There are 2 protein chains.
Amino acid sequence: MNSQDVILGMLMKQSRSGYEIKQVLEELFAYFYQSSYGTIYPTLGKMEKEQLITKENVLQEGKPNKNVYTITERGREQFNVYMNSPVENDSYKSDFLMRLFFGEYVGYDKVISWLKQAREQLQRNIERLSETFAQERERLHPAKIICIQMGLKGYQANLETIEEGLALMEQLEQGKRD
Amino acid sequence: MNSQDVILGMLMKQSRSGYEIKQVLEELFAYFYQSSYGTIYPTLGKMEKEQLITKENVLQEGKPNKNVYTITERGREQFNVYMNSPVENDSYKSDFLMRLFFGEYVGYDKVISWLKQAREQLQRNIERLSETFAQERERLHPAKIICIQMGLKGYQANLETIEEGLALMEQLEQGKRD
DNA sequence: CGTGTCATGTAAGGAGTTACATGATTTG
DNA sequence: CAAATCATGTAACTCCTTACATGACACG
């Protein structure tokens, strides 16, 4: 899976500009894929050259023009190749867990501050993800529902573990003061 | 967080060779950090030049020699700088979830095969991670226990969601055949 | 005698991030 | 009038991955 595969998938149903692709990526894919303009725009250019997509300049009122990209037949074939290729291993990189792993080298207060920070972030993520899908829930393809459930249940499990950990750490921090 | 920070942390308590570092990384860090020799050896070289670590060639019987690295005072300071820097955002990249998201473009059978594959992988991961920490559990620093709990509970939540999703998909697959 | 483990490294390449650069329009 | 939003792009850089290269010994 690379940025090209992702973009092809996003253009399967509707044509979009690079800016719009970024927005959707941030709204719906945030919990399992991240990207930046520095990747999206060059990739779109490359894909146009390879005739996987076509560009159309669209004039807008009150807004700058935009380049709207449409997937070609060749692009659809390419997307199909991706969808039938072996699934790559997940890659999870967490600075937060690294800190916890090395938590013995700092004070309890530091660990507690990391946990609180992670808790707040998770609460925001859960709120955002549930809201995004609350309305359209019933109309979605079952595989997409599973995908969203993976995100939500995963977040919730993490939140619970952090909540428990925080309770433990605060207890220890109290005990230390006596 | 980069490979240098991780290596410094791993040398805080004991000196190790590049090969040993890789082994520990695979055994204990697999669920939140991955690395390769292509990163480890050049990083060790760089760190030695910067006097964050020192190298010692150790002769072994029946095995090739190894280069054992020891953290210096300067290295400890550097590690401290890392531990007091702002925590970076997690980065999770999942080809598996991407496939599910685009599941509407393939048949139910394909989705089911992805889910089964993910289930098997998760079962293996859970088994490995629980075994690794089953024995030494009580002696660990609380922060490290939370770190491991994050891994285990996260895996378990994912497994449950996949199990539910698989049941749903298999039901739909049956319904389709009538 | 072949496969696996121990052990260290290099070189080329890929993929993506960050920062920079620009500019119009809208909203408060 | 300032800040946010819409919109596109480039260039330098960092970091890591993959593949290659080597070699001794152990185990079955």
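The sequence lines fix the lettering, A, B, ..., with proteins before strands; numbering per chain opens at 1. These numbers come from a predicted model, not from an experiment.
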How close or far is atom P of C:dG14 from atom CG of A:Asp5, stated in whole angstroms?
16 Å
For atom CG of B:Leu44 and atom P of D:dC16, their distance in whole Å
13 Å
Check side-chain contact (heavy atoms from CB on, under 4.5 Å) between B:Ser3 and all other residues, then give those that pass, not counting sequence neighbours.
B:Tyr33, B:Thr39, B:Thr43
For residues 153-161 of chain A, please give each side-chain donor-acceptor pair under 3.5 Å, one per line with the distance, not counting sequence neighbours.
residue  : atom : partner  : partner atom : Å
A:Lys153 : NZ   : B:Glu164 : OE1          : 3.1
A:Thr161 : OG1  : A:Ala157 : O            : 2.8

Which listed nucleotide (C:dG9, C:dG16, D:dC16) is nearest to the side chain of A:Tyr33?
C:dG16
Between P on D:dT18 and CD1 on B:Ile40, what's the gap in Å once rounded to a whole number?
13 Å
Show the atom names and distances, to 0.1 Å, of all donor-acceptor pairs under 3.5 Å that link a side chain in residues 91-98 of chain B to residues at least two apart or in another chain.
residue : atom : partner : partner atom : Å
B:Tyr92 : OH   : A:Asp90 : OD2          : 2.5
B:Ser94 : OG   : A:Asp90 : OD1          : 3.0
B:Ser94 : OG   : A:Asp90 : OD2          : 3.3
B:Ser94 : OG   : B:Phe96 : N            : 3.4
B:Ser94 : OG   : B:Leu97 : N            : 3.0
B:Asp95 : OD1  : A:Tyr82 : OH           : 2.5
B:Asp95 : OD1  : B:Arg99 : NE           : 3.1
B:Asp95 : OD2  : A:Glu88 : N            : 2.8
B:Asp95 : OD2  : B:Arg99 : NH2          : 3.0

Protein-nucleotide distance (A:Tyr69, atom OH; D:dA7, atom P), rounded to Å
13 Å
The criterion is ring pair (Phe, Tyr, Trp, His ring centres under 6.0 Å); which residues satisfy it with B:Tyr41, sequence neighbours excluded?
B:Tyr37
Less than 4.5 Å apart, any side-chain heavy atom of B:Glu48 and any of B:Leu44?
no
To the nearest angstrom, how far is B:Lys66 atom NZ from D:dA24 atom C1'?
16 Å
Distances under 3.5 Å only, N/O to N/O: pair up the protein atoms with those of nucleotides 17-25 of chain C.
residue : atom : partner : partner atom : Å
C:dT17  : OP2  : A:Ser36 : OG           : 3.0
C:dT17  : OP2  : A:Thr39 : OG1          : 3.1
C:dT25  : O3'  : A:Gly62 : O            : 2.7

May I ask you to evaluate whether B:Ser3 reaches the phosphate of D:dC16, defined as a side-chain N or O under 4.0 Å from OP1 or OP2?
yes
Per nearest nucleotide of DNA chain D, the residue lying toward the 5' end, A:Gln60 or A:Pro42, is A:Gln60
Residues passing the ring pair (Phe, Tyr, Trp, His ring centres under 6.0 Å) test with B:Phe79, sequence neighbours excluded, are A:Phe102, A:Tyr105
Acceptor/donor pairs from residues 165-173 of chain B side chains to any protein atom, 3.5 angstrom cut, sequence neighbours excluded:
residue  : atom : partner  : partner atom : Å
B:Glu173 : OE1  : B:Lys176 : NZ           : 3.3

Test side chain to side chain donor-acceptor pair (under 3.5 Å) applied to A:Lys49 - qualifying residues, sequence neighbours left out
none
By side chain to side chain donor-acceptor pair (under 3.5 Å), which residues pair with A:Gln123, not counting sequence neighbours?
none
What parts of residues 10-28 of chain B reach DNA chain C, counting only heavy atoms under 4.0 Å away?
B:Ser17, B:Gly18, B:Tyr19, B:Gln23
Whole-Å distance, A:Tyr41 OH to D:dT8 C1', equals 5 Å
Using five base pairs at each end to define the local axes, how bent is the helix from C:dC1-D:dG28 to C:dG28-D:dC1, to the nearest 10°?
50°
Assess whether a salt bridge exists between A:Glu120 and A:Lys116, defined as any Lys/Arg side-chain N lying under 4.0 Å from an Asp/Glu carboxylate O.
no
Do any side-chain atoms of residues 67-74 of chain A form donor-acceptor pairs under 3.5 angstrom with protein atoms, and if so which ones, sequence neighbours left out?
residue : atom : partner : partner atom : Å
A:Asn67 : OD1  : A:Asn57 : ND2          : 2.8
A:Thr70 : OG1  : A:Ser15 : OG           : 2.8
A:Thr72 : OG1  : A:Gln51 : O            : 2.8
A:Thr72 : OG1  : A:Leu52 : O            : 3.0
A:Thr72 : OG1  : A:Arg74 : N            : 3.4
A:Thr72 : OG1  : A:Gly75 : N            : 3.0

Which atom of B:Gln60 lies closest to which atom of B:Lys66, heavy atoms considered
OE1-CE, 3.3 Å
Using atom NZ of A:Lys46 as one end and atom C1' of D:dT10 as the other, report the distance to the nearest whole Å.
17 Å
Within this structure, what is the OH-to-C1' distance between A:Tyr92 and D:dC16, rounded to whole angstrom?
19 Å
Among C:dT10, D:dT8, C:dA15, find the nucleotide with the atom closest to the side chain of A:Asn2.
C:dA15
